[in-house]
Amino acid sequence: MKKLLHLIFFILLAPQLKAQDFTDSNLPIVIITTDNNQDIPDEPKILGNMKIIYNGPGVRNYISDQNTALALNYNGRIGIEARGSTSQFLDKKPYSLTTLQPDNVTNNNVSLLGMPKENDWILNALAYDASMIRDYISYNLSRMIGEYAPRTQYCEVVVNGEYRGLYILMEKIKADGNRVDISKIKPTDNTLPDLTGGYITKADKVVGTDVLAWTMSSYIDVNDINFIHEFPKPTDVTAPQNNYIKSVFEKLAETANNTSILNGYPSVIDIPSFVDFMLINELAANVDAYKFSTYFHKDKNAKLRAGPIWDFNLTYGNDLFFWGLDRSKTYLWQFDNGDNTGPKFWKDLFDNSQFKCYLAKRWKELTSTGQPLNLANLNTYIDETVT
(Lines give C-alpha, C1' and ligand atoms only; values in the text may rest on other atoms or scores of the structure.)
Protein backbone atom coordinates (compact mmCIF):
# COMPACT_ATOMS: atom_id res chain seq x y z
CA MET A 1 0.00 0.00 0.00
CA LYS A 2 2.85 2.39 0.87
CA LYS A 3 4.56 1.71 -2.47
CA LEU A 4 1.28 2.37 -4.33
CA LEU A 5 0.74 5.68 -2.52
CA HIS A 6 4.27 6.83 -3.28
CA LEU A 7 3.87 5.87 -6.94
CA ILE A 8 0.63 7.88 -7.17
CA PHE A 9 2.34 10.81 -5.43
CA PHE A 10 5.25 10.86 -7.88
CA ILE A 11 2.93 10.50 -10.91
CA LEU A 12 0.86 13.48 -9.76
CA LEU A 13 3.90 15.55 -8.84
CA ALA A 14 6.05 14.84 -11.91
CA PRO A 15 4.24 17.19 -14.35
CA GLN A 16 4.48 20.03 -11.84
CA LEU A 17 8.22 19.49 -11.45
CA LYS A 18 8.78 19.35 -15.22
CA ALA A 19 6.72 22.48 -15.75
CA GLN A 20 8.58 24.66 -13.26
CA ASP A 21 9.83 27.84 -14.91
CA PHE A 22 13.17 28.30 -13.16
CA THR A 23 14.74 31.72 -13.67
CA ASP A 24 16.74 32.74 -10.59
CA SER A 25 17.87 31.77 -7.09
CA ASN A 26 19.63 33.00 -3.99
CA LEU A 27 21.90 29.96 -4.48
CA PRO A 28 24.54 29.32 -7.17
CA ILE A 29 23.10 27.89 -10.40
CA VAL A 30 24.87 24.96 -12.09
CA ILE A 31 24.05 24.59 -15.79
CA ILE A 32 25.14 21.33 -17.44
CA THR A 33 24.83 20.78 -21.18
CA THR A 34 25.99 17.41 -22.47
CA ASP A 35 27.38 17.07 -25.98
CA ASN A 36 24.49 16.47 -28.38
CA ASN A 37 22.14 16.68 -25.36
CA GLN A 38 22.88 13.04 -24.50
CA ASP A 39 21.21 11.49 -21.48
CA ILE A 40 23.73 11.04 -18.67
CA PRO A 41 24.45 7.29 -18.18
CA ASP A 42 25.42 5.42 -15.03
CA GLU A 43 28.83 4.87 -16.62
CA PRO A 44 31.07 5.70 -18.36
CA LYS A 45 31.39 9.47 -18.15
CA ILE A 46 30.24 11.45 -21.18
CA LEU A 47 31.47 14.89 -22.23
CA GLY A 48 29.71 18.17 -21.75
CA ASN A 49 30.01 21.76 -20.60
CA MET A 50 29.29 23.23 -17.19
CA LYS A 51 28.63 26.80 -16.16
CA ILE A 52 28.25 27.91 -12.54
CA ILE A 53 26.47 31.24 -12.10
CA TYR A 54 27.47 32.86 -8.82
CA ASN A 55 27.46 36.60 -8.24
CA GLY A 56 28.75 36.39 -4.68
CA PRO A 57 27.33 36.22 -1.13
CA GLY A 58 23.90 37.78 -0.77
CA VAL A 59 23.57 38.56 -4.49
CA ARG A 60 20.81 36.90 -6.50
CA ASN A 61 21.77 34.66 -9.42
CA TYR A 62 19.89 34.59 -12.74
CA ILE A 63 19.79 32.05 -15.56
CA SER A 64 20.08 35.01 -17.90
CA ASP A 65 23.63 35.59 -16.56
CA GLN A 66 24.97 32.38 -18.12
CA ASN A 67 26.71 34.36 -20.88
CA THR A 68 28.03 37.06 -18.55
CA ALA A 69 31.68 36.28 -17.84
CA LEU A 70 31.80 38.16 -14.51
CA ALA A 71 28.87 36.11 -13.19
CA LEU A 72 30.49 32.74 -13.93
CA ASN A 73 32.37 30.86 -11.24
CA TYR A 74 33.18 28.14 -13.78
CA ASN A 75 32.70 27.81 -17.53
CA GLY A 76 34.36 24.80 -19.05
CA ARG A 77 34.43 21.18 -20.09
CA ILE A 78 33.45 18.24 -17.89
CA GLY A 79 33.06 14.49 -17.95
CA ILE A 80 29.90 13.42 -16.13
CA GLU A 81 28.05 10.23 -15.15
CA ALA A 82 25.19 9.27 -12.86
CA ARG A 83 26.22 7.75 -9.54
CA GLY A 84 24.75 6.14 -6.43
CA SER A 85 23.07 2.86 -5.57
CA THR A 86 19.41 3.00 -4.44
CA SER A 87 19.31 6.65 -5.54
CA GLN A 88 19.58 5.38 -9.12
CA PHE A 89 15.89 4.43 -8.85
CA LEU A 90 14.90 8.08 -8.61
CA ASP A 91 14.18 10.49 -11.44
CA LYS A 92 16.40 13.11 -9.80
CA LYS A 93 19.84 11.54 -10.30
CA PRO A 94 23.05 12.23 -8.39
CA TYR A 95 26.10 12.86 -10.56
CA SER A 96 29.86 12.45 -10.46
CA LEU A 97 31.84 14.86 -12.61
CA THR A 98 35.42 15.70 -13.56
CA THR A 99 36.46 19.20 -14.64
CA LEU A 100 38.50 18.97 -17.84
CA GLN A 101 40.79 21.07 -19.98
CA PRO A 102 39.50 22.06 -23.47
CA ASP A 103 41.22 18.95 -24.90
CA ASN A 104 38.50 16.85 -23.15
CA VAL A 105 41.20 14.58 -21.69
CA THR A 106 43.43 16.47 -19.25
CA ASN A 107 42.07 17.06 -15.76
CA ASN A 108 41.42 20.68 -14.87
CA ASN A 109 42.11 21.44 -11.20
CA VAL A 110 39.86 24.36 -10.31
CA SER A 111 38.26 25.94 -7.26
CA LEU A 112 34.48 25.67 -7.41
CA LEU A 113 32.46 27.99 -5.15
CA GLY A 114 35.43 28.63 -2.89
CA MET A 115 36.38 24.98 -2.33
CA PRO A 116 40.08 24.03 -2.76
CA LYS A 117 41.28 23.25 -6.28
CA GLU A 118 40.61 19.73 -7.56
CA ASN A 119 39.02 18.02 -10.56
CA ASP A 120 36.67 15.39 -9.06
CA TRP A 121 33.29 16.57 -7.76
CA ILE A 122 29.89 15.22 -6.72
CA LEU A 123 26.43 16.66 -7.31
CA ASN A 124 24.48 15.19 -4.41
CA ALA A 125 20.75 14.93 -5.25
CA LEU A 126 19.73 14.63 -1.55
CA ALA A 127 18.02 11.32 -2.25
CA TYR A 128 15.20 10.26 0.09
CA ASP A 129 15.81 13.27 2.38
CA ALA A 130 12.83 15.62 2.27
CA SER A 131 14.54 18.01 4.70
CA MET A 132 17.49 18.38 2.28
CA ILE A 133 19.87 19.16 5.15
CA ARG A 134 21.02 15.82 6.61
CA ASP A 135 24.18 15.36 4.51
CA TYR A 136 25.10 19.03 4.67
CA ILE A 137 24.78 19.24 8.45
CA SER A 138 26.63 15.98 9.09
CA TYR A 139 29.64 16.76 6.87
CA ASN A 140 29.99 20.20 8.39
CA LEU A 141 29.66 18.87 11.95
CA SER A 142 32.45 16.41 11.21
CA ARG A 143 34.77 19.22 10.16
CA MET A 144 33.69 21.30 13.18
CA ILE A 145 34.92 18.56 15.54
CA GLY A 146 38.24 18.34 13.69
CA GLU A 147 37.72 15.47 11.26
CA TYR A 148 37.84 16.00 7.50
CA ALA A 149 34.59 15.51 5.59
CA PRO A 150 33.74 16.69 2.06
CA ARG A 151 33.15 20.42 1.75
CA THR A 152 29.67 21.34 0.57
CA GLN A 153 27.83 24.11 -1.27
CA TYR A 154 24.10 24.19 -1.99
CA CYS A 155 23.17 24.92 -5.61
CA GLU A 156 20.36 24.73 -8.16
CA VAL A 157 20.95 22.38 -11.12
CA VAL A 158 19.79 22.61 -14.73
CA VAL A 159 20.61 19.71 -17.09
CA ASN A 160 20.15 20.11 -20.84
CA GLY A 161 17.71 22.96 -20.29
CA GLU A 162 15.63 21.14 -17.67
CA TYR A 163 15.53 22.33 -14.06
CA ARG A 164 16.51 19.38 -11.86
CA GLY A 165 16.17 20.93 -8.40
CA LEU A 166 18.23 21.57 -5.30
CA TYR A 167 21.59 19.79 -5.04
CA ILE A 168 24.77 19.93 -3.00
CA LEU A 169 27.99 20.42 -4.96
CA MET A 170 30.63 18.68 -2.89
CA GLU A 171 34.09 17.16 -2.87
CA LYS A 172 34.62 13.56 -3.87
CA ILE A 173 36.56 11.51 -1.32
CA LYS A 174 40.07 11.05 -2.70
CA ALA A 175 43.74 11.25 -1.76
CA ASP A 176 44.66 14.93 -1.89
CA GLY A 177 46.36 17.41 0.39
CA ASN A 178 43.10 19.32 0.84
CA ARG A 179 40.91 16.21 1.16
CA VAL A 180 42.15 12.87 2.54
CA ASP A 181 45.72 13.95 3.24
CA ILE A 182 47.74 10.77 2.69
CA SER A 183 50.78 9.77 0.65
CA LYS A 184 49.95 8.55 -2.85
CA ILE A 185 51.21 5.00 -2.97
CA LYS A 186 52.57 3.83 -6.34
CA PRO A 187 52.33 0.40 -8.02
CA THR A 188 56.06 0.00 -7.35
CA ASP A 189 55.65 0.46 -3.57
CA ASN A 190 55.55 -3.21 -2.62
CA THR A 191 58.07 -3.43 0.20
CA LEU A 192 58.32 -1.84 3.65
CA PRO A 193 58.18 0.98 4.56
CA ASP A 194 56.65 2.27 1.30
CA LEU A 195 54.08 -0.54 1.40
CA THR A 196 52.49 0.99 4.50
CA GLY A 197 50.56 3.74 2.72
CA GLY A 198 48.62 5.57 1.81
CA TYR A 199 45.32 3.73 1.41
CA ILE A 200 41.63 4.60 1.29
CA THR A 201 39.39 1.58 1.84
CA LYS A 202 35.63 1.34 2.21
CA ALA A 203 33.02 -1.13 3.46
CA ASP A 204 30.16 -0.92 0.98
CA LYS A 205 27.95 -2.53 -1.62
CA VAL A 206 29.80 -3.83 -4.68
CA VAL A 207 28.24 -1.91 -7.58
CA GLY A 208 29.29 -0.60 -10.98
CA THR A 209 33.05 -0.79 -11.48
CA ASP A 210 33.70 -1.72 -7.82
CA VAL A 211 35.77 -4.86 -7.26
CA LEU A 212 35.49 -6.89 -4.06
CA ALA A 213 38.84 -6.93 -2.24
CA TRP A 214 37.92 -9.08 0.77
CA THR A 215 35.13 -9.70 3.28
CA MET A 216 34.84 -9.67 7.07
CA SER A 217 32.22 -11.31 9.24
CA SER A 218 29.59 -9.60 11.39
CA TYR A 219 27.82 -10.66 14.57
CA ILE A 220 24.36 -10.22 13.06
CA ASP A 221 24.36 -9.98 9.28
CA VAL A 222 23.83 -13.12 7.25
CA ASN A 223 26.14 -11.80 4.52
CA ASP A 224 29.75 -10.85 5.13
CA ILE A 225 30.85 -7.21 4.97
CA ASN A 226 32.41 -6.22 1.64
CA PHE A 227 35.64 -4.25 1.54
CA ILE A 228 36.63 -2.32 -1.58
CA HIS A 229 39.76 -0.43 -2.57
CA GLU A 230 39.14 3.27 -3.16
CA PHE A 231 42.83 4.23 -3.35
CA PRO A 232 44.80 2.76 -4.96
CA LYS A 233 42.09 1.98 -7.51
CA PRO A 234 41.15 -1.72 -7.82
CA THR A 235 42.83 -1.74 -11.24
CA ASP A 236 46.08 -0.36 -9.76
CA VAL A 237 46.43 -2.11 -6.41
CA THR A 238 49.09 -4.84 -6.31
CA ALA A 239 48.87 -8.17 -4.49
CA PRO A 240 51.35 -7.10 -1.76
CA GLN A 241 49.40 -3.87 -1.21
CA ASN A 242 46.07 -5.70 -1.00
CA ASN A 243 47.51 -8.23 1.44
CA TYR A 244 49.10 -5.52 3.57
CA ILE A 245 46.03 -3.32 4.09
CA LYS A 246 43.84 -6.40 4.56
CA SER A 247 46.23 -7.57 7.30
CA VAL A 248 45.77 -4.23 9.11
CA PHE A 249 42.00 -4.79 9.32
CA GLU A 250 42.54 -8.40 10.37
CA LYS A 251 44.87 -7.27 13.14
CA LEU A 252 42.24 -4.79 14.32
CA ALA A 253 39.68 -7.60 14.47
CA GLU A 254 42.12 -9.75 16.46
CA THR A 255 43.11 -7.02 18.92
CA ALA A 256 39.89 -5.06 19.49
CA ASN A 257 39.63 -6.51 23.03
CA ASN A 258 43.32 -5.95 23.82
CA THR A 259 44.32 -2.60 25.37
CA SER A 260 48.08 -3.12 25.13
CA ILE A 261 49.88 -0.15 23.58
CA LEU A 262 52.42 -2.52 22.05
CA ASN A 263 50.17 -5.18 20.49
CA GLY A 264 46.54 -4.28 21.21
CA TYR A 265 44.10 -2.09 19.26
CA PRO A 266 45.97 1.14 20.30
CA SER A 267 48.90 -0.11 18.17
CA VAL A 268 46.66 -0.49 15.11
CA ILE A 269 44.21 2.42 14.99
CA ASP A 270 44.14 6.16 15.49
CA ILE A 271 41.73 6.07 18.45
CA PRO A 272 40.41 9.68 18.22
CA SER A 273 39.31 9.19 14.60
CA PHE A 274 37.41 6.00 15.47
CA VAL A 275 35.78 7.71 18.46
CA ASP A 276 34.69 10.72 16.41
CA PHE A 277 33.45 8.51 13.56
CA MET A 278 31.25 6.55 15.95
CA LEU A 279 29.90 9.65 17.70
CA ILE A 280 28.84 11.39 14.47
CA ASN A 281 27.20 8.22 13.12
CA GLU A 282 25.45 7.42 16.40
CA LEU A 283 24.30 11.02 16.91
CA ALA A 284 22.70 10.79 13.46
CA ALA A 285 21.45 7.19 13.95
CA ASN A 286 22.88 6.45 10.49
CA VAL A 287 21.24 3.26 9.20
CA ASP A 288 24.06 2.70 6.67
CA ALA A 289 26.89 3.19 9.17
CA TYR A 290 29.61 0.56 9.55
CA LYS A 291 28.40 -1.73 6.72
CA PHE A 292 27.84 0.65 3.81
CA SER A 293 29.50 3.93 2.76
CA THR A 294 32.04 3.46 5.55
CA TYR A 295 35.50 4.78 4.70
CA PHE A 296 38.88 4.22 6.31
CA HIS A 297 42.27 5.64 5.41
CA LYS A 298 45.86 4.99 6.37
CA ASP A 299 48.90 7.12 5.65
CA LYS A 300 52.44 5.84 5.20
CA ASN A 301 53.97 4.70 8.50
CA ALA A 302 50.75 5.67 10.32
CA LYS A 303 47.84 3.98 12.05
CA LEU A 304 44.49 3.16 10.49
CA ARG A 305 41.99 6.03 10.70
CA ALA A 306 38.18 5.86 10.45
CA GLY A 307 36.48 8.17 7.96
CA PRO A 308 35.76 10.41 6.22
CA ILE A 309 32.04 10.10 6.93
CA TRP A 310 29.83 9.66 3.86
CA ASP A 311 26.19 9.29 2.84
CA PHE A 312 24.01 10.63 5.66
CA ASN A 313 20.62 10.81 3.94
CA LEU A 314 19.13 7.94 5.99
CA THR A 315 19.75 9.52 9.38
CA TYR A 316 18.08 11.49 12.18
CA GLY A 317 14.94 9.34 12.04
CA ASN A 318 14.75 9.07 8.23
CA ASP A 319 14.67 5.77 6.34
CA LEU A 320 13.28 4.11 3.21
CA PHE A 321 9.80 4.03 4.70
CA PHE A 322 8.08 3.17 1.41
CA TRP A 323 10.13 -0.06 1.36
CA GLY A 324 8.92 -0.90 4.86
CA LEU A 325 12.17 0.13 6.57
CA ASP A 326 12.32 2.15 9.80
CA ARG A 327 15.79 1.76 11.35
CA SER A 328 17.06 5.20 12.36
CA LYS A 329 16.34 5.06 16.10
CA THR A 330 17.74 7.13 18.96
CA TYR A 331 17.47 4.19 21.38
CA LEU A 332 19.67 1.81 19.32
CA TRP A 333 23.42 1.62 18.76
CA GLN A 334 23.77 1.37 14.98
CA PHE A 335 26.71 -1.05 15.26
CA ASP A 336 24.44 -3.43 17.21
CA ASN A 337 20.96 -2.78 15.80
CA GLY A 338 20.27 -6.22 14.34
CA ASP A 339 20.55 -4.99 10.76
CA ASN A 340 23.51 -3.17 9.12
CA THR A 341 25.95 -3.82 11.94
CA GLY A 342 29.27 -3.90 10.12
CA PRO A 343 32.37 -5.95 11.02
CA LYS A 344 32.71 -7.39 14.51
CA PHE A 345 35.50 -5.01 15.53
CA TRP A 346 33.07 -2.07 15.99
CA LYS A 347 31.08 -3.82 18.72
CA ASP A 348 34.25 -5.29 20.20
CA LEU A 349 35.77 -1.81 20.51
CA PHE A 350 32.61 -0.48 22.17
CA ASP A 351 32.54 -3.39 24.60
CA ASN A 352 36.13 -2.63 25.60
CA SER A 353 35.93 -0.57 28.81
CA GLN A 354 38.94 1.55 27.91
CA PHE A 355 37.60 2.48 24.47
CA LYS A 356 34.16 3.12 25.95
CA CYS A 357 35.79 5.54 28.40
CA TYR A 358 37.43 7.41 25.50
CA LEU A 359 34.04 7.55 23.79
CA ALA A 360 32.25 8.92 26.88
CA LYS A 361 34.92 11.56 27.58
CA ARG A 362 34.85 12.81 24.00
CA TRP A 363 31.03 12.93 23.99
CA LYS A 364 31.06 14.98 27.19
CA GLU A 365 33.59 17.37 25.64
CA LEU A 366 31.73 17.83 22.35
CA THR A 367 28.32 18.36 24.00
CA SER A 368 29.50 20.94 26.53
CA THR A 369 28.43 24.58 26.24
CA GLY A 370 29.63 26.22 23.05
CA GLN A 371 30.78 22.97 21.43
CA PRO A 372 29.48 21.72 18.02
CA LEU A 373 27.36 18.85 19.40
CA ASN A 374 25.81 20.87 22.22
CA LEU A 375 22.02 20.79 21.81
CA ALA A 376 21.65 24.57 21.66
CA ASN A 377 24.42 24.81 19.08
CA LEU A 378 22.86 22.03 16.99
CA ASN A 379 19.46 23.71 16.97
CA THR A 380 21.00 27.03 15.95
CA TYR A 381 23.02 25.40 13.18
CA ILE A 382 19.97 23.57 11.81
CA ASP A 383 18.00 26.85 11.72
CA GLU A 384 20.90 28.64 9.97
CA THR A 385 21.14 25.85 7.38
CA VAL A 386 17.42 25.98 6.61
CA THR A 387 17.62 29.77 6.24
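Numbers for residues simply follow the sequence, beginning at 1. Keep in mind the model is a prediction, meaning the values are calculated, not measured.
- Residue F350 forms a ring pair (Phe, Tyr, Trp, His ring centres under 6.0 Å) with just one option from Y219, W333, Y358, F355, and that option is W333.
- Nearest heavy-atom pair across R164 and D91 is NH2-O, 2.6 Å.
- Both tests hold for R179 against W121: distance to the six-membered ring centre under 6.0 Å, angle to the ring axis within 45°.
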Handout entry: Working for side-chain contact (heavy atoms from CB on, under 4.5 Å), residues V30 and Y167
Key = CA-CA 9 Å; V30 177; Y167 279 71; over 6 Å; no

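- Without hydrogens or angle criteria, K300 side chain to S183 main chain gives no donor-acceptor distance under 3.5 Å.
- Donor-acceptor pairing under 3.5 Å is lacking for the side chains of Y54 and Q153.
- Distance alone, capped at 3.5 Å, places no donor-acceptor pair between the T341 side chain and the G338 backbone.
- Within 6.0 Å of atom NZ in K233, 12 or fewer heavy atoms from other residues, nucleotides or ligands are found, so the atom counts as exposed in its surroundings.
- Looking at N124, its side chain never comes within 3.5 Å of a backbone N or O of I168 through a donor-acceptor pair.
- Checking T152 against N140 by side-chain atom types alone, a donor-acceptor pair falls below 3.5 Å.
- Atom CD1 in I225 sits 9.0 Å away from atom OG1 in T294 (nearest 0.5 Å).
- Summarising the geometry, atom NZ belonging to K291 is positioned 9.0 Å from atom CG belonging to D224; distances are rounded to the nearest 0.5 Å.
- Using modelled atom types, one finds no donor on one side chain facing an acceptor on the other under 3.5 Å when comparing N49 with D35.
- Between A149 and E171 the shortest heavy-atom distance is O-OE1, 4.4 Å.
- Within a 6.0 Å sphere centred on NZ of K361, other residues, nucleotides and ligands contribute 12 heavy atoms or fewer.
- A pairwise comparison of heavy atoms in I133 and D129 identifies N-OD2, 3.4 Å as the closest pair.
- A side-chain donor from one of T34 and N160 sits under 3.5 Å from a side-chain acceptor of the other.
- Between the side chains of N109 and N119, at least one donor N or O sits under 3.5 Å from an acceptor N or O.
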Exercise for the section: For side-chain contact (heavy atoms from CB on, under 4.5 Å), just list the numbers for K329 and N337, CA-CA rounded to whole Å, side-chain angles, deciding distance to a tenth of an Å, and then say yes or no. Expected result: CA-CA 9 Å; K329 303 295 185 184; N337 67 358; over 6 Å; no

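- Listed for the N286 side chain is a donor-acceptor partner under 3.5 Å among the backbone atoms of D288.
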Practice task
Could you please spell out the steps behind the side-chain contact (heavy atoms from CB on, under 4.5 Å) verdict for L100 and T106?
Solution key: CA-CA 6 Å; L100 299 172; T106 310; over 6 Å; no

Got a list of side-chain donor-acceptor pairs under 3.5 Å for residues 200-208, not counting sequence neighbours?
unit_1 : atom_1 : unit_2 : atom_2 : d
D204   : OD1    : S293   : N      : 3.3

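- In this structure, Y295 has its ring center at least 6.0 angstrom away from the ring center of F231.
- Neither side chain, K117 nor N178, offers a donor N or O lying under 3.5 Å from an acceptor on the other.
- For F249 and F296, the distance between ring centers is under 6.0 angstrom.
- With rounding to the nearest 0.5 Å, the separation of CG in D189 from CG in D194 is 4.5 Å.
- With N377 contributing its side chain and L373 its backbone, the two residues share no donor-acceptor pair below 3.5 Å.
- In D103, the CG atom is crowded: over 12 heavy atoms of neighbouring residues, nucleotides or ligands sit closer than 6.0 Å.
- C155 and L169 get closest at one heavy-atom pair: SG-N, 3.9 Å.
- Using modelled atom types and a 3.5 Å distance limit, the side chains of T98 and D120 yield a donor-acceptor pair.
- Annotation for K186 and Q241: closest pair O-NE2, 2.8 Å, computed over non-hydrogen atoms.
- Placement of I32 and L72 in two distinct hydrophobic clusters is found when ILVMFWY residues are connected by side-chain heavy-atom separations under 4.5 Å, directly or transitively.
- In terms of modelled atom types and a separation under 3.5 Å, the side chain of R134 and the main chain of T315 share a donor-acceptor contact.
- At least one donor-acceptor pair closer than 3.5 Å links the side chain of K303 to the backbone N or O of P266.
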Practice task
Evaluate ring pair (Phe, Tyr, Trp, His ring centres under 6.0 Å) for F277 paired with W346, printing each intermediate quantity in order.
Solution key: CA-CA 11 Å; F277 184 88; W346 289 109; 5.5 Å; yes

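- The backbone N or O of L70 sits nowhere less than 3.5 Å from a side-chain atom of T68 that would complete a donor-acceptor pair.
- Below 30°, between 30° and 60°, or above 60°: for Y290 and F335 the angle between ring planes is above 60°, a perpendicular geometry.
- At distances below 3.5 Å, at least one donor-acceptor pair connects side-chain atoms of S273 with backbone N or O atoms of A306.
- When all heavy atoms of S25 and R60 are compared, the closest pair comes out as O-CG, 3.4 Å.
- The environment of I261 atom CD1 is sparse: at most 12 non-hydrogen atoms of other residues, nucleotides or ligands sit within 6.0 angstrom.
- Residues forming a salt bridge (charged side-chain N to carboxylate O under 4.0 Å, His left out) with K184 (at least two apart in sequence, or on another chain): none.
- At least one donor-acceptor pair under 3.5 Å links the side chain of T385 to the backbone N or O of Y381.
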Exercise for the section: Check step by step if side-chain contact (heavy atoms from CB on, under 4.5 Å) holds for R77 and Q101. Expected result: CA-CA 6 Å; R77 300 294 286 169; Q101 299 281 0; over 6 Å; no

